[in-house]
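Report on one structure; see the data block that follows.
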Amino acid sequence: MNPTLRTERLVLEPYTPEDEEDFVALFQDTKVSQWMGDGPAPEAADRALFGRIFTKVYAQGLFDVWAVRRDGLLVGHAEIKPTEAVGGHEIIYALAPTAWGSGLGTELAEALVAHGFNTLGLDEVFATVAAANEASLTLLARIGFEHVRDVEEDDGSTTRVLVRRRTR
């Protein structure tokens, strides 16, 4: 089961079934979903994704997925999981627009990296970011991620593969 992680202002904890509406609202917000996976998805697909967190990810212990809360309210989503596309573990995070611009993204990304290094024992942690997502690219560069390569997507867009290596 996922451990609970705490930062100065955030609590990352496993989702509960009661989180479904807030999860769907986060993933249905096009300001958020434009940067996630293949972009905005139908509401039914986001509800199915939420269900798979319980029936597949948590049930089979596949990887760590968290509800991100501030002051008890769901303000984001976070994961760290093995991904063949990068040949290692990738962090994935999203915050509601109301949480943008206050340093919470940095706090969240740092917590995921620390979990990867200190709990999972990883030597490197990856992130994949749309080349047009300048805010995330800037955030990740600021906390020590380096550009590895670009991936040209089927739709003509570019995804940047970044890595942060553990320092000894």
State the [atom1]-[atom2] distance between [X] and [Y], to the nearest 0.5 angstrom.
| X | Y | atom1 | atom2 | value |
| --- | --- | --- | --- | --- |
| Ile143 | Thr138 | CD1 | OG1 | 12.0 Å |
| Arg164 | Glu146 | CZ | CD | 10.5 Å |
| Thr128 | Trp35 | OG1 | CH2 | 13.0 Å |
| Leu139 | Glu134 | CG | CD | 13.5 Å |
| Met36 | Asp46 | CE | CG | 8.5 Å |
| Leu162 | Glu124 | CG | CD | 12.5 Å |

Original post:
Does Asp22 come within less than 4.0 Å of Arg69, counting only side-chain N to carboxylate O?
Top reply: no

Student check: side-chain heavy atoms of [X] and [Y] closer than 4.5 Å:
| X | Y | value |
| --- | --- | --- |
| Phe117 | Thr167 | no |
| Pro82 | Leu62 | no |
| Pro3 | Asp64 | yes |

Subject >> Derivation and outcome, side chain to side chain contact (heavy atoms under 4.5 Å, CB included), residues His89 and Phe63 >> reply: CA-CA 10 Å; His89 280 69; Phe63 52 88; over 6 Å; no

Original post:
Val125 and Leu120: side chain to side chain contact (heavy atoms under 4.5 Å, CB included), yes or no, with the steps?
Top reply: CA-CA 10 Å; Val125 173; Leu120 301 179; over 6 Å; no

Subject >> Mutual orientation of the aromatic rings belonging to Phe23 and Phe27 [parallel < 30°, tilted 30-60°, perpendicular > 60°] >> reply: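 Ring orientation, 0 to 90° scale: parallel.
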
Original post:
Does the Asp19 side chain pair with the main chain of Thr16, one donor and one acceptor, at a distance under 3.5 Å?
Top reply: yes

Quick check: closest heavy atoms across [X] and [Y], and the distance to 0.1 Å?
| X | Y | result |
| --- | --- | --- |
| Pro42 | Gln28 | C-NE2, 3.5 Å |
| Leu5 | Ala111 | CD1-O, 4.2 Å |
| Leu112 | Trp66 | CD2-CZ3, 3.4 Å |
| Leu95 | Leu26 | C-CD1, 4.0 Å |
| Ile91 | Ala127 | CG1-CB, 4.1 Å |
| Tyr93 | Ala109 | CE2-CB, 4.1 Å |

Subject >> ILVMFWY network linking Val68 to Ile92, side-chain heavy atoms under 4.5 angstrom >> reply: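 No, Val68 and Ile92 fall in different hydrophobic clusters.
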
Subject >> Joint cluster assignment, Trp100 & Leu73, ILVMFWY side-chain distance < 4.5 Å >> reply: no

Subject >> Over 12 non-hydrogen atoms of neighbours within 6.0 angstrom of CD in Glu152 >> reply: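 Count over threshold, so yes.
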
**OP:** Mark yes when over 12 heavy atoms from residues, nucleotides or ligands other than Arg6 sit less than 6.0 Å from its CZ; otherwise mark no.
**Re:** no

Original post:
Under the ring-ring contact (aromatic ring centres under 6.0 Å, His included) criterion, do Tyr15 and His77 qualify, and how do the steps go?
Top reply: CA-CA 9 Å; Tyr15 281 101; His77 171 85; 5.7 Å; yes

**OP:** Test Arg9 against Leu104 for side chain to side chain contact (heavy atoms under 4.5 Å, CB included), laying out the working first.
**Re:** CA-CA 8 Å; Arg9 299 175 289 172; Leu104 291 176; 3.4 Å; yes

**OP:** Each residue besides Val163 in its hydrophobic cluster should be listed here, by chain and number; the cluster joins Ile, Leu, Val, Met, Phe, Trp and Tyr at side-chain heavy-atom distances under 4.5 Å.
**Re:** Val86, Phe126, Val148, Val151, Val161

**OP:** Would you check if there is a donor-acceptor pair between the side chains of Thr7 and Glu110 at a distance under 3.5 Å?
**Re:**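 Judged by distance alone, the side chains do not pair up.
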
Subject >> Check against side chain to side chain contact (heavy atoms under 4.5 Å, CB included), Asn2 and Leu12 >> reply: CA-CA 9 Å; Asn2 283 27; Leu12 285 68; over 6 Å; no

Subject >> Within residues 111-121 or reaching into it, pairs that qualify as salt bridge (Lys or Arg N to Asp or Glu O under 4.0 Å) - sequence neighbours excluded >> reply: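 Residue pairs passing salt bridge (Lys or Arg N to Asp or Glu O under 4.0 Å), neighbours aside: none found.
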
